[in-house]
Amino acid sequence: MQGENAKPSTQTVLSRDGTPIACERRGHGHPLILVDGALCSRTMGPSSPLAKALADNFTVFRYDRRGRGDSGDTAPYVVEREVDDIGAVLRAAGGEAYIWGMSSGAMLALMAATRLPGISKLALYEAPLIVDDSRETTQADWAAIRDAVAQGRRGDAIAVFLKSVGMPRLLIVLMKLTPIWRRLKAVAHTLPHDGAIVADDQLGKPLGADRWASLRVPVLVTDGGKSPPWMRHGNRALAEALPNASYRMLPGQNHMLKPAAHVPVLTAFFNS
């Protein structure tokens, strides 16, 4: 089966505003859409190995979020347009699908599930929510990122973002000497998009349960046992705020996603 699923088919779908969105599908089974977080695309990030690992059980759809990879971008940026992009992929999947999102992509997937008919189950990994005083808030970081992008200083924007999410300064310096830095700079202009999605939920304030009161689909909220306390506090709070959610901590995991730890959990949830 794995060899049969090795080569995905690709296509371009049009979002509501006419923006072309590049997506691919692989595998067999119920449709499942994967939504990337910041600085990730179809050619960079965890969704590629995750899609390969899930393809024996699901028809997996991955796509380049707008402004990344082979997808277009239409100014001005509005978060709702990214929800429309998921809607375009959902139509390509036949109008009904499960959805999984990671980090800022988790919050984007949650937005889609509340607004788009046809999403029947939702799984989230490490939505970056700051709901208490277990870490500093991020307003200043997102402002610095927006300024750096506006001035064409993509490398500075990446450095601010990586420092904000907890990467040691020395490791950031070393990353600048590797080929990955150039690939990150190619999508760094989309970092303010992620900020628009998550910044209001990184203010150290509790989540309001009424915000998602209309959401009725089953939701699985997961995080990693090795992730920092603020991340785990936020994801437990999210699971408590959602009307039909369960929470699961994955022992030994962190924000660097390892498919082997996720595939059994996701397969059991989506197939239950």
Side-chain angles (χ1 to χ4, degrees), residues 1-75 77-113 115-125 183 186-187 189-190 193-194 197 217 257 259 262-263 266-267 270-271:
M1 289 288 290
Q2 200 65 278
E4 184 179 345
N5 295 330
K7 292 185 178 180
S9 61
T10 60
Q11 66 183 112
T12 299
V13 297
L14 291 181
S15 192
R16 179 177 296 184
D17 65 354
T19 301
I21 302 298
C23 71
E24 65 179 46
R25 63 181 290 169
R26 72 163 72 229
H28 304 280
H30 196 282
L32 167 60
I33 299 172
L34 306 184
V35 186
D36 279 320
L39 296 176
C40 296
S41 66
R42 287 186 300 138
T43 60
M44 180 172 60
S47 66
S48 178
L50 182 61
K52 292 178 182 177
L54 288 166
D56 285 341
N57 294 290
F58 305 97
T59 302
V60 185
F61 289 79
R62 299 195 307 127
Y63 72 103
D64 285 329
R65 285 175 52 185
R66 63 173 53 212
R68 309 180 189 185
D70 295 323
S71 288
D73 200 4
T74 302
Y77 176 82
V78 181
V79 171
E80 286 72 17
R81 290 182 174 181
E82 287 223 63
V83 175
D84 291 339
D85 299 344
I86 294 176
V89 179
L90 183 63
R91 289 192 295 274
E96 195 273 330
Y98 306 142
I99 190 167
W100 172 91
M102 175 180 174
S103 197
S104 62
M107 293 307 291
L108 179 57
L110 178 55
M111 291 177 188
R115 301 175 191 181
L116 298 175
I119 294 176
S120 53
K121 287 188 179 183
L122 169 66
L124 310 173
Y125 185 63
R183 299 176 67 190
V187 295
H189 64 290
T190 64
H193 301 179
D194 298 281
I197 293 169
V217 302
L257 187 142
H262 291 256
V263 169
L266 293 176
T267 300
F270 288 131
N271 285 338

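This structure is a prediction, so every number in the text was calculated from the model and none was measured. Any value given below was found using the heavy atoms of this structure, including those in side chains, with hydrogens, waters and symmetry copies removed.
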To the nearest 0.5 Å, atom OG of Ser15 lies from atom CD1 of Ile21 at 5.5 Å

For Arg81, check salt bridge (Lys or Arg N to Asp or Glu O under 4.0 Å) against everything at least two apart and list the hits.
-> Asp17

Are any of the side-chain heavy atoms of Arg68 and Met44 separated by less than 4.5 Å?
-> no

Do side-chain atoms of Arg26 reach the backbone of Ala55 as a donor and acceptor pair under 3.5 angstrom?
-> no

Got a second to check how far Ile119's CD1 is from Glu96's CD, nearest 0.5 Å?
-> 9.5 Å

Hey, what do you get for CG (Leu90) to CG (Asp84), rounding to the nearest 0.5 Å?
-> 11.5 Å

Where the side chain of His189 meets the backbone of Gly67, is there a donor-acceptor pair that is under 3.5 Å apart?
-> yes

Given Val13 and Arg91, is the side chain to side chain contact (heavy atoms under 4.5 Å, CB included) satisfied, shown in steps?
-> CA-CA 9 Å; Val13 297; Arg91 289 192 295 274; over 6 Å; no

Shortest non-hydrogen contact from Gly105 to Val35?
-> O-CG1, 3.6 Å

Work out which heavy atom in Ala93 is nearest to a heavy atom in Pro31; give both atom names and the distance.
-> O-CG, 3.5 Å

Below 4.5 Å, heavy atoms only, C-beta onward: do Ile86 and Phe61 meet side chain to side chain?
-> no

Can you name the residues that form a side chain to side chain donor-acceptor pair (under 3.5 Å) with Ser103, not counting sequence neighbours?
-> His255

Could you check if a side-chain atom of Met102 sits within less than 4.5 angstrom of a side-chain atom of Leu50, using non-hydrogen atoms only?
-> no

Find the distance between CG (Leu266) and OH (Tyr98) and round it off to the nearest 0.5 Å.
-> 12.0 Å

Under the salt bridge (Lys or Arg N to Asp or Glu O under 4.0 Å) test, residues paired with Asp36 that sit two or more places apart | none

Student check: side-chain heavy atoms of Leu54 and His262 closer than 4.5 Å | no

Anything under 30° is parallel, anything over 60° is perpendicular, the rest tilted; go ahead and classify His193 against Tyr77.
-> parallel

Any donor and acceptor pair, going by atom type alone, linking the side chain of Thr59 with main-chain N or O of Gly29 inside 3.5 Å?
-> yes

If every non-hydrogen atom of Asp64 is compared with every non-hydrogen atom of Gly69, which pair is closest and at what distance?
-> OD2-CA, 3.5 Å

Under 3.5 Å: donor-acceptor pair, side chain of Arg25, backbone of Gln11 | no

Phe270/His30 under ring-ring contact (aromatic ring centres under 6.0 Å, His included): CA gap, chis, key distance, verdict = CA-CA 9 Å; Phe270 288 131; His30 196 282; 8.4 Å; no

Kindly say whether Asp73 contributes a backbone atom to a donor-acceptor pair with the side chain of Thr19 at under 3.5 angstrom?
-> no

How many angstroms lie between atom CD of Glu24 and atom CG of Leu34, to the nearest 0.5 angstrom?
-> 9.5 Å

What are the two closest non-hydrogen atoms of Ala112 and Val83, and how far apart are they?
-> CA-CG1, 4.0 Å

Do you know the tightest heavy-atom contact between Cys23 and Val89?
-> CB-CG2, 4.4 Å

Side chain proximity check, Asp85 to Arg65, heavy atoms < 4.5 angstrom | no

Over all heavy atoms of both residues, which pair between Leu124 and Ala106 is shortest? Give the atoms and the distance, please.
-> CD2-O, 3.3 Å

